[in-house]
Amino acid sequence: MNLARCLALAGAWLLSVLPAAAQPMQEMRGAPAGAFDFYVLALSWSPGFCEADARGSERRQCEEGSGLGFVVHGLWPQSERGYPTFCEPPGRFVPRTVLDRFEGLFPDPNLARYQWRKHGTCSGLGPAEYFSLVRKARELVRIPDSLTLLKADSQVMPIEIERAFAGANPGLRPEMMAVSCGRRVFQEIRICLDRDLRGFRQCPEVDRDGCRAGAIAVPAPR
């Protein structure tokens with residue numbers, strides 16, 4: 001048995017004996033398109049993303065004076081265990097007419113293109129149908145007033161953000177979403193939706209993967 005095979009088997013064994021909470025979500029690159037269980041709507045908190053991401057200054061949403069709060073990061077096909085990515089061979093791009101039709105859905109057209117290649121190709125839909133679904137998913141979620149009207153930097157526990165979203169969206173509960181943070185700064189909320197977008201749903205693996213940093217900073221829009 002060669003070394004690569006031994007390492008692969010050792011890695012699989014280690015994942016099997018680790019506690020569920022310690023297991024990272026597995027990326028299934030090149031999985032068959034359409035083979036997934038539900039969607040995750042990822043909404044980036046622009047001030048936090050721009051502060052915590054070293055490349056934030058390169059992105060349009062981080063331009064000084066943009067005043068942006070939540071923006072669409074993506075709509076991700078997700079399986080109960082792991083998630084598919086890049087499900088079609090390179091070369092299938094989003095037509096310019098489609099980008100123009102959905103202008104403003106993402107904060108940057110380059111992000112829209114990347115989200116299509118990495119996640120949209122796994123939906124089993126064409127670019128226009130996928131972006132239409134992204135828009136529908138975004139319209140399902142109401143942003144809590146406490147975050148929409150945020151005027152000053154604050155410190156909160158991740159569960160407080162989840163409870164705020166649960167309070168603003170009937171049927172949504174904390175175990176159906178996850179807060180993402182970096183450098184103890186709030187970056188994103190990830191909300192799990194049925195595959196047909198008829199409602200919210202539980203997603204244990206996504207929930208376990210959320211921020212466990214204790215109190216985190218929530219910078220105000222600038």
Side-chain angles (χ1 to χ4, degrees), residues 24-46 49 59-61 68-143 165 168-173 175-180 187-210:
M25 283 194 288
Q26 181 183 2
E27 179 180 355
M28 298 177 288
R29 194 179 181 102
F36 65 97
D37 298 312
F38 60 97
Y39 282 108
V40 172
L41 175 66
L43 300 175
S44 291
W45 178 247
S46 291
F49 166 80
R59 301 177 186 267
R60 183 180 298 180
Q61 76 188 87
L68 291 175
F70 283 104
V71 298
V72 172
H73 180 174
L75 183 67
W76 305 338
Q78 185 88 20
S79 298
E80 297 294 353
R81 296 289 299 273
Y83 58 98
T85 62
F86 299 105
C87 296
E88 292 186 3
R92 187 180 181 191
F93 298 102
V94 183
R96 182 74 242 180
T97 54
V98 173
L99 288 174
D100 290 344
R101 177 180 166 189
F102 292 95
E103 184 178 3
L105 180 60
F106 290 86
D108 188 298
N110 289 328
L111 176 61
R113 292 187 185 97
Y114 182 74
Q115 288 297 307
W116 160 252
R117 290 197 302 274
K118 183 174 182 179
H119 299 286
T121 56
C122 298
S123 67
L125 304 171
E129 291 81 9
Y130 171 70
F131 286 125
S132 180
L133 204 66
V134 176
R135 175 180 287 168
K136 180 179 179 181
R138 174 61 189 89
E139 291 172 349
L140 288 173
V141 176
R142 183 177 181 276
I143 305 300
F165 270 88
N169 294 274
L172 180 61
R173 302 192 301 276
E175 64 268 24
M176 299 174 172
M177 60 184 127
V179 165
S180 174
Q187 287 188 282
E188 190 163 86
I189 186 81
R190 297 171 181 172
I191 298 173
C192 300
L193 297 159
D194 290 331
R195 182 167 169 151
D196 58 10
L197 299 190
R198 291 187 178 181
F200 307 109
R201 57 106 77 196
Q202 291 188 354
C203 45
E205 191 174 61
V206 174
D207 183 44
R208 287 194 299 266
D209 197 51

**Item:** Partners passing side chain to side chain donor-acceptor pair (under 3.5 Å) against Arg29 (at least two apart in sequence or in another chain)
**Value:** none
**Asked** Got a sec, which residues hit salt bridge (Lys or Arg N to Asp or Glu O under 4.0 Å) with Glu129, two or more places apart in sequence or on another chain?
**Response** none
**Request:** Grab the two heavy atoms, one from Glu175 and one from Gln202, that are nearest each other, plus how far apart they are.
**Result:** OE2-NE2, 3.7 Å
**Message:** Tell me which pairs pass salt bridge (charged side-chain N to carboxylate O under 4.0 Å, His left out) where either residue lies in residues 188-198, with sequence neighbours left out.
**Reply:** Glu188-Arg190, Asp196-Arg198
**Complete:** By salt bridge (Lys or Arg N to Asp or Glu O under 4.0 Å), Arg142 pairs with (sequence neighbours left out) Asp145
**Fill in**
Closest non-hydrogen contact found for Pro77 with Phe36 is CB-CG, 3.5 Å
**Request:** Working to the nearest 0.5 Å, report the span between OH of Tyr83 and CD of Glu27.
**Result:** 4.0 Å
**From Glu80 atom CD to Asp37 atom CG, the distance as rounded to the nearest 0.5 Å** = 4.5 Å
**Item:** Set of residues satisfying ring-ring contact (aromatic ring centres under 6.0 Å, His included) with respect to Phe200, sequence neighbours excluded
**Value:** none
**Message:** Minimum heavy-atom separation for Pro127 and Val94, please, with both atom names.
**Reply:** CB-CG1, 4.3 Å
**Prompt:** Does any non-hydrogen side-chain atom of Gln78 lie less than 4.5 Å from one of Tyr39?
**Reply:** no
**Prompt:** Does any non-hydrogen side-chain atom of Phe165 lie less than 4.5 Å from one of Ile143?
**Reply:** yes
**Asked** About how many Å separate CG of Leu105 and CD of Gln115, when rounded to the nearest 0.5 Å?
**Response** 10.5 Å
**Asked** Closest heavy-atom contact between Gly82 and Glu205?
**Response** N-OE1, 2.7 Å
**Prompt:** If we only count heavy atoms from C-beta on, is the Leu111 to His73 side-chain gap below 4.5 Å?
**Reply:** yes
Under 3.5 Å, side-chain donor or acceptor atoms of residues 117-126 against the rest of the protein: list the pairs with distances, not counting sequence neighbours.
{"unit_1": "His119", "atom_1": "NE2", "unit_2": "Trp76", "atom_2": "NE1", "d": "3.4"}
{"unit_1": "Thr121", "atom_1": "OG1", "unit_2": "Cys87", "atom_2": "N", "d": "3.1"}
{"unit_1": "Thr121", "atom_1": "OG1", "unit_2": "Arg117", "atom_2": "O", "d": "2.9"}
{"unit_1": "Ser123", "atom_1": "OG", "unit_2": "Gly120", "atom_2": "O", "d": "2.6"}
{"unit_1": "Ser123", "atom_1": "OG", "unit_2": "Leu125", "atom_2": "N", "d": "3.1"}

**Request:** Give me the ring orientation class for Tyr130 and Trp116: parallel if the planes are under 30° apart, tilted from 30 to 60°, perpendicular past 60°.
**Result:** tilted
**Complete:** Tightest non-hydrogen contact, residues Leu172 and Ile191, listed as CD1-CG2, 3.9 Å
**Request:** Of all the heavy-atom pairs spanning Cys192 and Phe38, show the shortest one and how long it is.
**Result:** SG-CE1, 3.9 Å
**Prompt:** Heavy atoms, side chains only, cut-off 4.5 Å: are Met25 and Val206 in contact?
**Reply:** yes
**Request:** Dump the intermediate steps for side-chain contact (heavy atoms from CB on, under 4.5 Å) on Leu43 and Arg138, then the final yes or no.
**Result:** CA-CA 9 Å; Leu43 300 175; Arg138 174 61 189 89; 3.7 Å; yes
**Asked** Do Ser46 and Phe70 come within less than 4.5 Å of each other through their side chains, counting heavy atoms only?
**Response** no
